[in-house]
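A short write-up of the structure that comes next.
Quick caveat, the model's predicted, so the values are computed rather than measured.
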Amino acid sequence: GINPDPQAPGFRNILFKPNFVPAHQWAKAEHSSPYGMISSEWKKGNGKINWTIHVPVNATATLYLPVQNESQITESGKSLSNAKGIRITGKKDGKIILQLGSGRYRFLLQQ
């Protein structure tokens with residue numbers, strides 16, 4: 001899910017809260033915002049989820065990832081601690097919360 005942040009109107013900050021539905025193997029969504037195109041695409045297979053998102057220039061994003069710990073996540077093949085533009089901000093309701101700057105990100109989630 002691509003959602004606006006009520007604290008940063010106009011998609012200045014984007015809330016990504018994906019719903020990886022068990023019955024679906026993939027999903028793709030785009031939204032044209034005042035800052036540019038926002039996109040989210042995920043595919044499931046072999047107990048993993050490949051998720052690619054795009055955050056436009058001059059925007060930020062908050063991600064809610066449904067995993068228990070950061071060792072289950074890589075971005076472009078790197079651990080979160082070595083990935084550029086990503087900051088872990090906490091955990092809530094069994095999800096790790098990340099803050100991202102603008103750019104294209106390729107996450108791999110181990111389920």
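- With hydrophobic clusters built from ILVMFWY side chains whose heavy atoms lie under 4.5 angstrom apart, Leu100 shares a cluster with Leu80.
- Taken to the nearest 0.5 Å, the OG1 atom of Thr60 stands 7.0 Å off from the CD1 atom of Ile14.
- Remark: of the listed residues Thr89, Leu65, Thr62, Leu65 is the sole one forming a side-chain contact (heavy atoms from CB on, under 4.5 Å) with Leu98.
- Contact detail for Asn3 and Phe11: the closest heavy-atom pair is C-CE2, 3.7 Å.
- Counting only distance, with no hydrogens or angles, the side chain of Glu41 and the backbone of Ala27 share no donor-acceptor pair below 3.5 Å.
- Interatomic distance, CG of Leu108 versus CD of Glu75, reported as 10.5 Å (0.5 Å rounding).
- More than 12 heavy atoms of other shown residues, nucleotides or ligands fall within 6.0 angstrom of atom CG in Asn69.
- To the nearest 0.5 Å, atoms CG (Asn13) and CD (Gln7) are separated by 10.0 Å.
- Taking CD1 of Ile97 as the start and NZ of Lys91 as the end, the distance is 10.5 Å to the nearest 0.5 Å.
- Relative orientation of the Phe107 and Trp51 rings is tilted, given thresholds of 30° and 60° on the angle between their planes.
- Shortest non-hydrogen contact noted between His54 and Phe16 is O-CZ, 4.2 Å.
- In the hydrophobic clustering of this structure, Ile2 groups with Leu63; members are Ile, Leu, Val, Met, Phe, Trp, Tyr whose side-chain heavy atoms approach within less than 4.5 Å, directly or through other members.
- Between the CZ atom of Arg104 and the OG1 atom of Thr52 there is a distance of 7.5 Å, given to the nearest 0.5 Å.
- By the rule that hydrophobic residues join a cluster once side-chain heavy atoms approach within less than 4.5 Å of another member, Val67 and Ile86 end up as members of one cluster.
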Can Asp93 and Tyr64 be said to form a side-chain contact (heavy atoms from CB on, under 4.5 Å), step by step? CA-CA 10 Å; Asp93 300 325; Tyr64 293 81; over 6 Å; no
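- When side chains are defined from C-beta on, Ser33 counts as touching Pro56, because their heavy atoms get closer than 4.5 Å.
- Interatomic distance, Lys43 NZ to His24 NE2, rounded to the nearest 0.5 Å: 15.5 Å.
- Using a 4.5 Å cut-off between side-chain heavy atoms of Ile, Leu, Val, Met, Phe, Trp and Tyr, with links allowed through other members, Tyr105 and Phe20 fall into the same hydrophobic cluster.
- Asn19 has its side chain out of reach of Pro66: every pair of non-hydrogen atoms, C-beta onward, lies at least 4.5 Å apart.
- No donor-acceptor pair closer than 3.5 Å links the side chain of Glu30 to the backbone N or O of Ser39.
- When atom types are taken as modelled, the side chain of Arg12 and the backbone of Pro4 share no donor-acceptor pair closer than 3.5 angstrom.
- Under the 4.5 Å side-chain heavy-atom criterion for grouping Ile, Leu, Val, Met, Phe, Trp and Tyr, Ile53 is connected to Ile88 within one hydrophobic cluster.
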